[in-house]
Number of protein chains: 2
Amino acid sequence: MSSKTVLIVDDEPSIREMIAVALEMADYRVLEADNAQSAHAMALDHKPDLMLLDWMMPGTSGIELARRLKREEATAEMPIILLTAKGEEDNKVQGLEAGADDYITKPFSPRELVARLKAVLRRATPPGIEEAVEVEGLKLDPASHRVTSHGSALEIGPTEYRLLQFFMTHQERAYTRSQLLDQVWGGNVYVEERTVDVHIRRLRKSLGEKHQHLIQTVRGTGYRFSIRE
Amino acid sequence: MSSKTVLIVDDEPSIREMIAVALEMADYRVLEADNAQSAHAMALDHKPDLMLLDWMMPGTSGIELARRLKREEATAEMPIILLTAKGEEDNKVQGLEAGADDYITKPFSPRELVARLKAVLRRATPPGIEEAVEVEGLKLDPASHRVTSHGSALEIGPTEYRLLQFFMTHQERAYTRSQLLDQVWGGNVYVEERTVDVHIRRLRKSLGEKHQHLIQTVRGTGYRFSIRE
DNA sequence: TGAAAATATGACAAATACGTGACATCGATG
DNA sequence: CATCGATGTCACGTATTTGTCATATTTTCA
């Protein structure tokens, strides 16, 4: 659930600000640029997950920038949404021909922006077809989002599910609490390291007697998932 | 009256968009893919009523994809219309030999496209190729567009019907609200994610006590249709 | 053996997610 | 134009989840 980065390119600071606030509330990371040159540089530098380009800008216009980005290997795949003040049909076709993935006319509601942005990102990110993992009768299936012990379902909370999924795909290796926080909780959260202990506890409880031994404490270090004792 | 689903396959987003708009105005549900691989997957997954394939695409070409689809049991009956930029006779023959049902050369008017698409669908659809699905006495029959519980009809709204149909043809798998919006509402609509909850609620209500357990909440993720608890 | 250190466990309050009923809107129908 | 059904949103209640603490328990090692 790592939050995506969006680069906003608009020469109007007030517009940028409005968009930035909307996106931040929707839990996106936001970058800003006020002209095509720096936008181009930032695109290469930070590799945002999506770009919002204002159509009309002094100097190089948004659509021109879109064309350039689409021509370059490094940025060709980057989703682009064009923003424009006028709702002319021609513009729309032009914009989509330039390689933009969507096209929003001002004025728009923050909610609409976020919704369409989500849609574009969703399309751009093909759902990974993950395989089920099974160890000693304990099976975790990402497709059905289920954990079963020899066929019967186990009750398990969301965090415990993610924790178990991480462990089952990274067996036989000890992880520190800090590493687990990074991997399972996602990098930029501030959570006490001891919290990991609590979730390990909950996970063990969910797994029941039969599978508890798979989650092992590595004293002085952290935890490990392993078939061996 | 149930609107048909058309899968548009073209690497050019602008072309896809243009076609999509035309079809949506003609009340078709639209799916899009920008390459043969994902198109193939979507064809299997969503069973569109018709596919529009661009002849020329990077990687696997449209005609090659058409051949493959015709070879596979699951997709052999699916009507295909090929799109091409050049009006060469050879291509046309090749295309029809590959199993395409029609062949349209760019540029074409939206009206022409819709007209020929209708014609193909009319020919190809001896009312209802779709099979009824039945689970624990709950039966959904696309032919009569009816849902019955042990024979007696259930009252169910249009959206709930589509939702149930999707679920019954995609059992044992958890879907996020976002995915459901894509699949059931159709790609580029702008609807709140929580709206899915409301329709799930309505669907459950329609299903009644007896079948409610089939629609399961996957906390922190979304919903799932499954026989198992 | 007896601290000291590290981990396990139970309990909570706050934050989230989900369920549910109500309501406004919109298009079809009469 | 009034009515009805379908739909998308909201607001609010309820249930679950989560991060922290305080308090056991276990392990380590002088």
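Lettering follows sequence order; numbering is per chain, from 1.
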Novice: Would you mind reading off the distance between A:Arg162 atom CZ and D:dG19 atom P, rounded to a whole angstrom?
Specialist: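 Answer to the nearest Å: 8 Å.
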Novice: Using the 3.5 Å cut-off, write out each protein N or O paired with an N or O of nucleotides 14-17 of chain C and the distance between them.
Specialist:
none

Novice: For the side chain of B:Arg224 and the backbone of A:Ser144, is there at least one donor-acceptor N/O pair under 3.5 Å apart?
Specialist: yes
Novice: Can you name the side chain to side chain donor-acceptor pair (under 3.5 Å) partners of A:Thr221, sequence neighbours left out?
Specialist: none
Novice: Dump the pairs, protein N or O against N or O of nucleotides 22-24 of chain D, anything under 3.5 Å, distances to one decimal.
Specialist:
none

Novice: Can you tell me which residue pairs pass the salt bridge (Lys or Arg N to Asp or Glu O under 4.0 Å) test with a partner in residues 11-20 of chain A, sequence neighbours excluded?
Specialist: A:Arg16-A:Glu32
Novice: What's the CD-P distance between B:Glu193 and D:dG8, to the nearest Å?
Specialist: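 Spelled out: CD on B:Glu193 to P on D:dG8 is 14 Å.
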Novice: Could you tell me whether the side chains of A:Arg146 and B:Ser226 share a donor-acceptor contact shorter than 3.5 Å?
Specialist: yes
Novice: Applying salt bridge (Lys or Arg N to Asp or Glu O under 4.0 Å) as the test, list every pair that has at least one member in residues 176-199 of chain A; sequence neighbours left out.
Specialist: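 Residue pairs with at least one partner in residues 176-199 of chain A: A:Arg177-A:Asp197, A:Arg194-A:Asp197.
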Novice: Test of understanding: with side chain to side chain donor-acceptor pair (under 3.5 Å), list the residues that count as partners of A:Gln171, not counting sequence neighbours.
Specialist: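 Testing A:Gln171 for side chain to side chain donor-acceptor pair (under 3.5 Å), a comparison that skips the adjacent residues, returns none.
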Novice: If the condition is side chain to side chain donor-acceptor pair (under 3.5 Å), which residues does A:Ser149 pass it with, not counting sequence neighbours?
Specialist: A:His211
Novice: Give the rounded distance in Å between these two atoms: CD1 of A:Ile215 and P of C:dT7.
Specialist: 15 Å
Novice: Considering all heavy atoms of both residues, which atom of A:Asp49 and which atom of A:Pro79 are nearest to each other, and what is their separation?
Specialist: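 In this case the closest contact between A:Asp49 and A:Pro79 is O-CD, 3.2 Å.
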Novice: Donor-acceptor pair under 3.5 Å: do we get one between A:Arg202's side chain and the base of D:dG19?
Specialist: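 Result: at least one qualifying N/O pair found.
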Novice: Can you tell me if A:Thr159 touches the phosphate of D:dT18, counting only side-chain N or O atoms and a distance under 4.0 Å to OP1 or OP2?
Specialist: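 The answer is yes; a side-chain N or O of A:Thr159 sits under 4.0 Å from OP1 or OP2.
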Novice: Students often get this wrong, so: under 4.0 angstrom with heavy atoms, is A:Tyr223 touching a base, only sugar-phosphate, or nothing?
Specialist: sugar-phosphate
Novice: For A:Glu136, enumerate each residue passing the side chain to side chain donor-acceptor pair (under 3.5 Å) test, keeping only those at least two apart in sequence or located in another chain.
Specialist: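 A:Glu136 satisfies side chain to side chain donor-acceptor pair (under 3.5 Å) with A:His213 only.
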Novice: Quickly work out the A:Trp185 CH2 to D:dT18 P distance and round it to whole Å.
Specialist: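 Value for this atom pair: 9 Å.
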Novice: Take atom CG of A:Asp197 and atom P of C:dA5, then tell me their distance rounded to the nearest Å.
Specialist: 17 Å
Novice: Could you check B:Ile200 against A:Val198 and say which one's nearest nucleotide on DNA chain C is further toward the 5' end?
Specialist: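 So the residue in question is A:Val198.
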Novice: Taking only residues at least two apart or on different chains, which pairs with a member in residues 147-174 of chain A satisfy salt bridge (Lys or Arg N to Asp or Glu O under 4.0 Å)?
Specialist: A:Glu172-A:Arg228
Novice: Determine the contact category for A:Arg204: base if any of its heavy atoms lies under 4.0 Å from a base atom, sugar-phosphate if only primed atoms, P, OP1 or OP2 are that close, otherwise nothing.
Specialist: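 Counting heavy atoms under 4.0 Å across all strands, the contact made by A:Arg204 is with sugar-phosphate only.
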Novice: Figure out the CD/C1' separation between A:Gln212 and C:dT7, and round it to whole Å.
Specialist: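 In whole Å, C:dT7 C1' and A:Gln212 CD are 14 Å from each other.
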Novice: Below the 4.0 Å mark, does D:dG19 have OP1 or OP2 next to a side-chain nitrogen or oxygen of A:His199?
Specialist: yes
Novice: Assign each of A:Arg194 and B:Thr195 to its nearest nucleotide of DNA chain D by heavy atoms, then name whichever residue's nucleotide is nearer the 5' end.
Specialist: B:Thr195
Novice: Could you give the CG-to-C1' distance, from B:Leu203 to C:dG19, as a whole number of Å?
Specialist: 14 Å
Novice: I need the CD-P distance between A:Glu192 and D:dT20, as an integer number of Å.
Specialist: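 Going from CD in A:Glu192 over to P in D:dT20 covers 5 Å.
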